[in-house]
Protein chains: 2
Amino acid sequence: MSVRSQLLKGILDGCVLAIIEKEEVYGYELSQKLQQYGLRDISEGTIYPVLLRLQKSNWIIGTMRPSESGPNRKYYSLTAEGKENLELIRKEWELLSVPITTILGGNKSERNR
Amino acid sequence: MSVRSQLLKGILDGCVLAIIEKEEVYGYELSQKLQQYGLRDISEGTIYPVLLRLQKSNWIIGTMRPSESGPNRKYYSLTAEGKENLELIRKEWELLSVPITTILGGNKSERNR
DNA sequence: CCTCTTTACCTTGCATAGCAAGATACCATG
DNA sequence: CATGGTATCTTGCTATGCAAGGTAAAGAGG
């Protein structure tokens, strides 16, 4: 398994929630949005299990709607519980990413001496 | 499993490598250093498997040395391969943490309007 | 000498989540 | 009717955090 896959673990849920918070999206669209943001190669085998899990936890709800050109789409939106948890994840991310960046990049100032 | 546990996945190796890069450390010491940096509650059940895995991959090497007050300590240092991979992980972290922070915190400017 | 605490190492087993691979099906184009 | 893009979901593998438990050395206190 790649380094990248492991790095993604756990935070992908937060990213999905944050995107859904802005606007209703469907799964296929979501993988494209993630790519636009710079998270490349998030396959559908990853996205759909995430969406099903989040729905099972009652953080998002999905409703099928017909598309004008193609198969039906399942649009997701955040629940109140989902919003609360997104805020939690934002705080967790802050609490972790700051020290991690410090540890990993801790010798940048030393390099410039 | 907690949100935090999942967030840690994958990046913990990089943190361990980065700390070892600065100076030789032993496992027990490592968990304390991580705490000082702000990564609390990294138990020994987490640390030792990481160290064994990294040693198996030939990214670090450990040597037992007697302690003046207590049981022997196993000090770890980076191999050349370990340094290369640490650099890789640093780049991966950069490539992931930037877009993730953008996605998660994307509406901060909107909140301040 | 015995017990307790601290330090220090390691193992077992579980739950979780990314993801390759594959299945199914709708619609439009040629 | 075959092809390609759109769209959903499932199966099985693997990696890894971590709770829980085990072992052992050194020093302190009784």
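Heavy-atom basis, side chains included; hydrogens, waters and symmetry copies ignored. Letters A, B, ... are given to chains in the order of the sequence lines, protein chains preceding strands, and every chain is numbered from 1.
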D/dC9 C1' sits how many Å from A/Lys56 NZ, rounded? 14 Å

Tell me whether the OP1 or OP2 atom of D/dA25 has a side-chain N or O from B/Arg73 closer than 4.0 Å. no

Below 4.0 Å: OP1/OP2 of C/dC19 and any side-chain N or O of A/Ser5: yes

Where B/Ile103 and A/Cys15 come nearest, the two heavy atoms and their spacing: CG2-O, 3.7 Å

When you measure from the side-chain N and O atoms of A/Lys74 to the phosphate of D/dC9, is any distance below 4.0 Å, counting only OP1 and OP2? yes

Just call it for A/Gly45: base, sugar-phosphate, or nothing, with non-hydrogen atoms closer than 4.0 Å on any strand. base

Tell me the interatomic distance from A/Arg4, atom CZ, to D/dT16, atom C1', rounded to whole angstroms. 18 Å

Rounded to whole angstrom units, what separation is found between the CD atom of A/Gln35 and the C1' atom of D/dT6? 15 Å

Within the structure, does a side-chain N or O atom of A/Tyr26 lie under 4.0 Å from either OP1 or OP2 of D/dT8? no

Looking only at non-hydrogen atoms, find the nearest pair between B/Leu104 and A/Gly14 and report the distance. CD2-O, 3.6 Å

Side chains of B/Tyr28 and B/Glu44 in contact at under 4.5 Å (non-hydrogen atoms): yes

Taking atom P of C/dA17 as reference, at what distance in whole Å does atom CG of A/Asp13 sit? 6 Å

Applying a 4.0 Å non-hydrogen cut-off, can you work out what B/Thr46 is touching in the nucleic acid: base, sugar-phosphate, or nothing? base

Does a side-chain N-to-carboxylate-O contact under 4.0 Å join A/Glu68 and A/Arg73? no

Give a yes/no on whether any side-chain N or O of B/Arg53 is located under 4.0 angstrom from OP1 or OP2 of D/dT16. yes

Using the closest heavy atom to pick a nucleotide of DNA chain C for each, name whichever of B/Leu51 or B/Pro71 lands nearer the 5' end. B/Pro71

Using whole Å, report how far OH of A/Tyr48 lies from P of C/dA17. 20 Å

Would you say A/Tyr28 reaches D/dT6's phosphate, i.e. side-chain N/O to OP1/OP2 under 4.0 Å? yes

Sugar-phosphate, base or nothing in reach of A/Glu29, heavy atoms under 4.0 Å: nothing

On a heavy-atom basis, the closest approach of A/Pro99 and B/Leu39 is CG-CD2, 4.1 Å

